[in-house]
Amino acid sequence: MSITSLLEQKMLPLAEKISSNIYLTALKNAFIALIPFLIVGSFFLLLTNFPISGYNEFMTSLLGKGTLDKLNYGINASYGLMTLLVIISFSKELVEKLNLSQSAAILPVAIFFLMLPGSVTTESGDIVAGAYALLDFSSESMFLGIIVTVVTIKLMALLENKAFTIKMPASVPPEIARSFKSLVPILVVLLFWIIIKVLFENTHFGTPGKFINVVLQQPLLYLGNSIFSQLIAEMMISLFWFFGIHGDSIVSSVMGPIWQTLSAQNLAQTQAGLAATNIITQQFRDVYLIAGGTGFTGALLISIFMVAKSTRLKQLAKLASPAAIFNINEPVIFGLPIVLNPLMLIPFLITPIVLCTVTYAVIALGWVPPTSGISIPWTTPIFISGFLTTGISGVILQAVNLVIATAIYTPFVRILDKQYLHEENRVDSLTAEVQTQQ
């Protein structure tokens, strides 16, 4: 059995299982719905922390002391409420997919508030009851929010589908009947979570959120912030694309929440005037590993422009370049093709792995700072994205990665170009022979 057949046998069922999972798909869509909020929040952060030396001092002298700090309100209304926004969007997605009552979409928000401590400790050590800290709604509570949403919606679906509902007479308006349908399920689910909260209050954790943070969130974030997990993710993305499956979509369904949480932690540090500490973030990948599209295929196009002689490759490069500027590379993946092309799989697989290793090492050595957490669209062109998230040093690292990726792709482009050129010459010869015979 060939390697391609073996990979196809293992990868396709896995991709199908992930893409058909309602909860992973809904979570991915929930984070996509969050993109406008994150970009707007990043805009406010950029205005308060523009990556140019002396910017803050200049703006303070121009606008007055404390004016820039007012822009933090915009950050608090986006990144500060990140978990709450995810719960709302995630619940809505699941309710639509599972065809549940609209009341079911509201319940996870209420349960999330129930699971929070419900008190705030002041700087002097006083405990203020009946209060919530803004930190409770940020990425710090992301895993609690996701778990609460999944369990709550699952229980609601179970109870509603098992007819644990109040059925109203036919004369009752449909809107009211639907509301009463969810009454008993909501009561049962609420009692379930109250019991959970009381049980945790009698442990040293105190709250379910603290338990999830210690047992699940911190270990997952630690693993997600490692070079090894990122290398595996990049390899899986490339392999999925090789079979024509949207690898970014599949892998982001699993890794997206971790990357976004790590990004949000960097953003909070940047906002506080501290140095960002997480190397692996959503922007780590978007800025340094996908210039021109997944596999850093912008470098592949540069290689084609540099060495290709075949008409097919030249035409492809001209057609694919405008989209590649904005990191869209489907024309390359399906037009070159990379899909089911064992020759091009090699650089398509190797390039992200090499760039991931180089980028991680450079940041770990302190030559380039980690990304600031500023969320930019993944379609932001190379160099602009590097400057916005890390400053000039980020632009330089992108340029180095571009050179490395181009060097990796060029030998394989030469081989493919030679093959296509031979095919074109053969077709030209056959065409000339037919014309001569006529």
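Bear in mind that the values here come from a model prediction, so they are computed numbers and not experimental data.
Here the side chains of L289 and P352 are not in contact, with every heavy-atom distance at 4.5 Å or above. Taking the side chain as every heavy atom from C-beta outward, M156 and L94 never approach each other to under 4.5 Å. Here the side chains of S229 and I280 are not in contact, with every heavy-atom distance at 4.5 Å or above. At least one side-chain heavy atom of L34 sits under 4.5 Å from a side-chain heavy atom of M82. Using a 4.5 Å cut-off on side-chain heavy atoms (C-beta onward), I338 and L300 make contact. Counting heavy atoms from C-beta on, the side chains of Q260 and V86 never come closer than 4.5 Å. For the pair W367/S393, no side-chain contact is recorded, criterion being any heavy-atom separation below 4.5 Å from C-beta on. A 4.5 Å side-chain heavy-atom check between T207 and M115 finds every atom pair outside the cut-off.
Side-chain rings of F348 and F412 stay apart, their centers remaining 6.0 Å or farther from each other.
Here Y288 contributes atom OH and I363 contributes atom CD1; the two are 5.5 Å apart, rounded to the nearest 0.5 Å. Here D248 contributes atom CG and N329 contributes atom CG; the two are 8.0 Å apart, rounded to the nearest 0.5 Å. The distance from atom OG of S78 to atom CG of L267, rounded to the nearest 0.5 Å, is 8.0 Å. To the nearest 0.5 Å, atom OG1 of residue T297 and atom CD1 of residue I302 are 10.5 Å apart. Within the model, atoms CH2 of W193 and CZ of F112 stand 11.5 Å from one another, a figure rounded to the nearest 0.5 Å. The distance from the CD1 atom of I258 to the OG atom of S263 is 12.0 Å, given to the nearest 0.5 Å.
Environment of CZ in R414: sparse, with no more than 12 heavy atoms of neighbouring residues, nucleotides or ligands closer than 6.0 Å. More than 12 heavy atoms of other residues, nucleotides or ligands sit less than 6.0 Å from atom CD of Q218. Counting heavy atoms of neighbouring residues, nucleotides and ligands inside a 6.0 Å radius, atom NZ of K92 does not exceed 12 of them. Counting non-hydrogen atoms of neighbouring residues, nucleotides and ligands closer than 6.0 angstrom, the CZ atom of F334 exceeds 12 such neighbours.
In terms of modelled atom types and a separation under 3.5 Å, the side chain of T351 and the main chain of P347 share a donor-acceptor contact. In this structure, K197 contributes its side chain and L116 its backbone to a donor-acceptor pair below 3.5 Å. Judged purely by atom type and a 3.5 angstrom limit, Q265 has no side-chain atom pairing as donor or acceptor with the backbone of N278. A donor-acceptor distance shorter than 3.5 angstrom exists from the side chain of Q398 to the backbone of V287, with no hydrogens or angles considered. Of the possible polar contacts, one joining the N266 side chain to the T371 backbone as a donor-acceptor pair under 3.5 Å is found. Remark: the backbone N or O of P377 is paired with a side-chain donor or acceptor of T380 at under 3.5 angstrom. Distance alone, capped at 3.5 Å, places no donor-acceptor pair between the T203 side chain and the L199 backbone. A distance-only check finds a donor-acceptor pair linking the side chain of T149 to the backbone of G145 [under 3.5 Å]. Using a distance-only test at 3.5 Å, with no hydrogens or angles considered, no donor-acceptor pair links the side chain of N225 to the main chain of L221.
For the ring pair (Phe, Tyr, Trp, His ring centres under 6.0 Å) condition, the pairs that include at least one residue of residues 200-226, sequence neighbours left out, are F200-F211, F205-F211.
Inspection of the T270 and S372 side chains reveals no N or O donor paired with an N or O acceptor under 3.5 Å. Side-chain contact, S385 with D286: no donor N or O sits under 3.5 Å from an acceptor N or O.
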Quiz item: Between F387 and I392, does a side chain to side chain contact (heavy atoms under 4.5 Å, CB included) hold up when you go through it step by step?
Solution: CA-CA 6 Å; F387 178 75; I392 295 298; 3.9 Å; yes

Quiz item: Step by step, would you call N213 with L144 a side chain to side chain contact (heavy atoms under 4.5 Å, CB included)?
Solution: CA-CA 8 Å; N213 185 61; L144 172 64; over 6 Å; no

Practice problem: Please assess L223 against F228 for the test side chain to side chain contact (heavy atoms under 4.5 Å, CB included), listing each intermediate value before the final yes or no. | Solution: CA-CA 8 Å; L223 291 173; F228 302 108; over 6 Å; no

Practice problem: Carefully, step by step, assess I232 and M236 under the rule side chain to side chain contact (heavy atoms under 4.5 Å, CB included). | Solution: CA-CA 6 Å; I232 292 171; M236 296 294 287; 4.2 Å; yes

Quiz item: How far apart are the C-alpha atoms of T83 and S141, what are their side-chain angles, what is the distance that settles it, and do they pass the side chain to side chain donor-acceptor pair (under 3.5 Å) test?
Solution: CA-CA 6 Å; T83 294; S141 301; 5.2 Å; no

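Residue E160 comes nearest to S101 through the heavy atom pair OE2-OG, 2.8 Å, listed as atom of the first residue, atom of the second, then distance. Of all non-hydrogen atoms in Q283 and I374, the two that sit nearest each other are CG-O, 3.3 Å. Counting all heavy atoms, side chain and backbone alike, L301 lies closest to A324 at CD1-CB, 3.4 Å. Closest of all the heavy-atom pairs between A33 and S89 is CB-OG, 3.4 Å. Shortest non-hydrogen contact noted between L336 and Y420 is O-OH, 2.6 Å. Residues P257 and S252 share a closest heavy-atom pair of CD-O, 3.9 Å.
Aromatic ring pairs are classed by plane angle as parallel below 30°, tilted from 30° to 60° and perpendicular above 60°; the pair F137 and F113 is tilted.
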